[in-house]
Amino acid sequence: MPRACVVGTGPAGLAVADVLLAAGVPVDLVDEQPRAGGNIGRAMTDAALGPMRRRPELGGGRYRPGHPVLSVSPAREVVVRGPQRIERERFDAVFLCTGASDGQLPRPGLRQAGVKTAGALQALLKGQDVVPEGRVVIAGAGPFLHVVAADLARAGARVTDVVDRVAVIAYTGLLAKSRGLIGNLIEFVRTQAFLRTRGVKVRFATEVVEMGPSTLHLGGGKSLGFDVLGLSDWFAPQTQLARTAGCTIGYSQLGRYFRVECDAYGRAGVPGIFVAGEGQGVRGAIHAGLSGRLAAIAWLVDQGRPAPDATALLARREQVIGFAEKLEMIMYPAAREIDASAIACPCERVPVAAVREAVAFGLEDLNSIKSVTRCGMGNCQGRYCEPVVCRLLEAAGRRPRAPLNQKTLVRPIPVGMLADG
Ligand SMILES: Cc1cc2nc3c(=O)[nH]c(=O)nc-3n(C[C@H](O)[C@H](O)[C@H](O)COP(=O)(O)OP(=O)(O)OC[C@H]3O[C@@H](n4cnc5c(N)ncnc54)[C@H](O)[C@@H]3O)c2cc1C
């Protein structure tokens with residue numbers, strides 16, 4: 001019996017597992033987080049494990065929470081950090097469902113206590129019931145900010161303001177055109193109404209320019225006090241494992257990030273390796289579930305096994321992608337001017353000015369920029385500075401040419417473990 005490994009237990013990974021387990025394929029379901037559900041459902045542990053719980057008799061695979069996957073080879077060898085040692089295992093198919101991360105544009109004063117990403121505040125709340133104390137401001141760009149503000153307010157946090165770079169008219173235009181996605185419109189309106197009842201001031205079309213200790217300076221000369229700030233300007237796919245596996249990585253002009261180039265089923269250019277969910281491009285939870293189902297179906301078909309019909313899933317996928325791309329258009333307009341003194345790579349403390357200098361010198365691929373500036377050499381291996389460097393290249397009129405190379409390992413581990421593994 002062929003065996004499959006699914007990396008990531010968000011909506012994409014769980015959808016893959018659901019289809020494969022229904023077809024009788026043993027699945028190893030691996031996630032570095034201690035609880036299943038991915039970024040949207042981290043709190044719904046039991047429901048999220050549905051695929052495994054409903055069909056234990058078809059398993060034979062394993063659910064492995066708290067296990068970071070360190071690399072995946074083109075020959076489908078999956079390297080996992082186990083409790084004591086590094087473990088390696090080869091599978092017949094590997095489904096990479098590793099989601100996205102949110103990040104911040106460099107600004108003067110950004111790297112100080114009390115500033116987190118909005119996603120980090122939400123993860124602390126959902127994963128560990130941490131409710132921030134004092135005045136909480138959520139800022140950056142996109143509908144996600146409003147969701148986080150509402151979640152925090154519901155949990156008892158004193159959220160005072162939401163500062164969103166996107167204009168309300170842009171949202172209205174987008175939502176009016178989102179045929180088949182009326183749920184998004186209803187959710188957005190409901191969230192605004194809720195924030196109003198909690199006295200949260202929502203400022204649309206407003207830019208965060210810089211920050212001092214406990215003060216945000218906004219475009220138009222206004223200032224705002226805060227104790228805790230959740231700031232998120234962008235989302236970008238986590239493609240590090242796809243890079244170690246040799247998948248084709250391409251640049252998205254709309255999202256201003258690198259993503260995995262796949263066919264509509266998530267076939268990622270390497271036999272037996274599929275990418276589902278945000279790795280294909282940041283498109284939201286509905287797309288993640290659809291793409292997970294499609295990837296599992298594609299592998300079953302490739303194996304000559306019976307598989308569910310994919311016609312309706314493919315049509316719905318197109319519709320959802322259309323909406324997500326329009327959202328990226330309004331979230332990421334032409335790159336704005338970034339202050340030269342701000343930090344582009346927080347791990348290595350590389351200033352924006354150093355990256356600009358490298359770009360002015362004529363460098364266009366990120367590995368060359370990394371060599372001369374150290375941008376991307378730190379702990380996060382470029383997850384947070386790559387989208388920033390892409391924006392700096394675009395601001396200089398260049399198109400980012402090649403992504404950062406991803407060597408094994410995609411997560412830091414103790415040297416002793418490496419020696420034993
Ligand atoms: C921080 C954040 C918060 C979000 N909150 C919301 C929200 O409240 N509402 C909403 O509608 N949308 C939210 N989104 C968007 C939503 O999460 C996505 O649209 C959807 O969850 C994508 O599903 P996915 O399965 O592709 O990835 P995810 O749900 O992100 O799941 C990916 C999983 O892969 C795991 N993983 C990644 N790398 C590795 C590795 N190397 N080894 C092992 N496991 C790994 C992660 O731990 C994670 O559990 C959020 C996105 C982010 C980044």
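In what follows, every heavy atom counts, from backbone to side chain, and hydrogens, waters and symmetry copies are set aside. Positions are given from 1, in the same order as the sequence printed here.
Between the side chains of Gln240 and Arg411, no donor-acceptor pair is found at a separation under 3.5 Å. A donor-acceptor contact under 3.5 angstrom links the side chains of Arg316 and Gln319, judged on distance only. No donor-acceptor contact under 3.5 angstrom links the side chains of Glu394 and Tyr332, judged on distance only.
Note that the CG atom of Leu366 and the CG atom of Leu393 stand 6.0 Å from one another [nearest 0.5 Å]. Here the straight-line distance linking atom CE of Met211 with atom CG of Leu110 works out to 5.0 Å at 0.5 Å rounding. Annotation: the span from Thr373 atom OG1 to Glu357 atom CD amounts to 10.5 Å, rounded to 0.5 Å. Note: Ile343 CD1 to Ile338 CD1 = 12.5 Å, rounded to the nearest 0.5 Å. Here Cys375 contributes atom SG and Leu392 contributes atom CG; the two are 8.0 Å apart, rounded to the nearest 0.5 Å. With values rounded to the nearest 0.5 angstrom, Gln406 atom CD is found 12.5 Å from Cys247 atom SG.
Gly378 approaches Glu348 most closely through the heavy-atom pair CA-OE2, 3.5 Å. Nearest heavy atoms, Pro26 versus Pro2: CD-O, 3.6 Å. Among all heavy-atom pairs drawn from Ala120 and Lys116, the shortest one is CB-CB, 4.2 Å. In this structure, Asn39 and Gln122 approach most closely via the heavy-atom pair O-OE1, 4.1 Å. The two residues Ala285 and Ile40 have their closest heavy-atom pair at CB-CD1, 3.7 Å. Phe258 and Ala402 make their closest contact through CZ-C, 3.7 Å (heavy atoms, listed as atom of the first residue, atom of the second, distance).
At distances below 3.5 Å, not a single donor-acceptor pair connects side-chain atoms of Arg88 with backbone N or O atoms of Glu77. Under the 3.5 Å distance criterion, the side-chain polar atoms of Asp92 are matched with a main-chain donor or acceptor of Arg3. A donor-acceptor pair is defined here as one N or O able to donate and one able to accept, closer than 3.5 Å; such a pair exists between the side chain of Arg243 and the backbone of Leu404. Checked by atom type and distance alone, the side chain of Tyr257 pairs as donor or acceptor with a backbone atom of Val282 at under 3.5 Å. With hydrogens and angles disregarded, a donor-acceptor distance shorter than 3.5 Å links the side chain of Arg76 to the backbone of Pro271. Listed for the Glu278 side chain is a donor-acceptor partner under 3.5 Å among the backbone atoms of Gly284. For Ser71 (side chain) and Leu409 (main-chain N/O), no donor-acceptor pair under 3.5 Å exists by modelled atom type. No side-chain donor-acceptor contact under 3.5 Å links Gln33 to the backbone of Gly38.
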Give the intermediate values and the outcome of side chain to side chain contact (heavy atoms under 4.5 Å, CB included) for residues Leu241 and Val94.
CA-CA 11 Å; Leu241 291 177; Val94 178; over 6 Å; no

Please assess Val163 against Ile138 for the test side chain to side chain contact (heavy atoms under 4.5 Å, CB included), listing each intermediate value before the final yes or no.
CA-CA 6 Å; Val163 182; Ile138 304 295; over 6 Å; no

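Listed by first and then second residue, the ring-ring contact (aromatic ring centres under 6.0 Å, His included) pairs that reach into residues 363-400 come to none, sequence neighbours excluded. Residue pairs that meet the side chain to side chain donor-acceptor pair (under 3.5 Å) test with at least one member in residues 304-315, sequence neighbours left out, are Asp309-Thr311.
Evaluated for a side-chain contact (heavy atoms from CB on, under 4.5 Å) with Val136, the options Val200, Leu152, Asp161, Val148 yield exactly one hit, Leu152. For the side-chain contact (heavy atoms from CB on, under 4.5 Å) criterion with Leu29, the lone passing option out of Leu21, Leu14, Leu20 is Leu14.
Two residues are said to be in side-chain contact when any heavy atoms from C-beta on lie closer than 4.5 Å; Asp227 and Glu133 fail this criterion. Inter-residue side-chain proximity for Val352 and Asp339 is flagged as unmet; no heavy-atom pair is nearer than 4.5 Å. The side-chain heavy atoms of Val80 and Ile86, taken from C-beta on, include no pair separated by under 4.5 Å. Counting heavy atoms from C-beta on, the side chains of Val16 and Val27 never come closer than 4.5 Å. Side-chain contact check for Pro65 versus Thr9: every heavy-atom pair is 4.5 Å or farther apart. A heavy-atom distance below 4.5 Å is found between the side chains of Leu105 and Arg165. Side-chain contact between Arg81 and Glu32 is absent, with no heavy atoms from C-beta onward closer than 4.5 Å. Residues Asp233 and Arg107 have side chains in contact (heavy-atom distance under 4.5 Å, counting atoms from C-beta outward).
Within 6.0 Å of the CZ atom in Arg349, the count of heavy atoms belonging to other residues, nucleotides or ligands does not exceed 12. Heavy-atom neighbours of Arg154 CZ from other residues, nucleotides or ligands within 6.0 Å: above the threshold of 12.
Between Glu87 and Arg62, none of the side-chain N atoms (NZ, or NE/NH1/NH2) sits under 4.0 Å from a carboxylate O, so this pair counts as no salt bridge. Between Asp18 and Arg293 there is a salt bridge, with a side-chain nitrogen of the basic residue lying less than 4.0 Å from a carboxylate oxygen of the acidic one.
The aromatic rings of Trp299 and Phe95 sit perpendicular, their planes meeting at an angle over 60°, well past the 30° parallel limit. In this structure, Phe235 and Phe144 have perpendicular ring planes: the angle between them is above 60°, well past the 30° mark.
With sequence neighbours left out, the ring pair (Phe, Tyr, Trp, His ring centres under 6.0 Å) criterion links His67 to no other residue.
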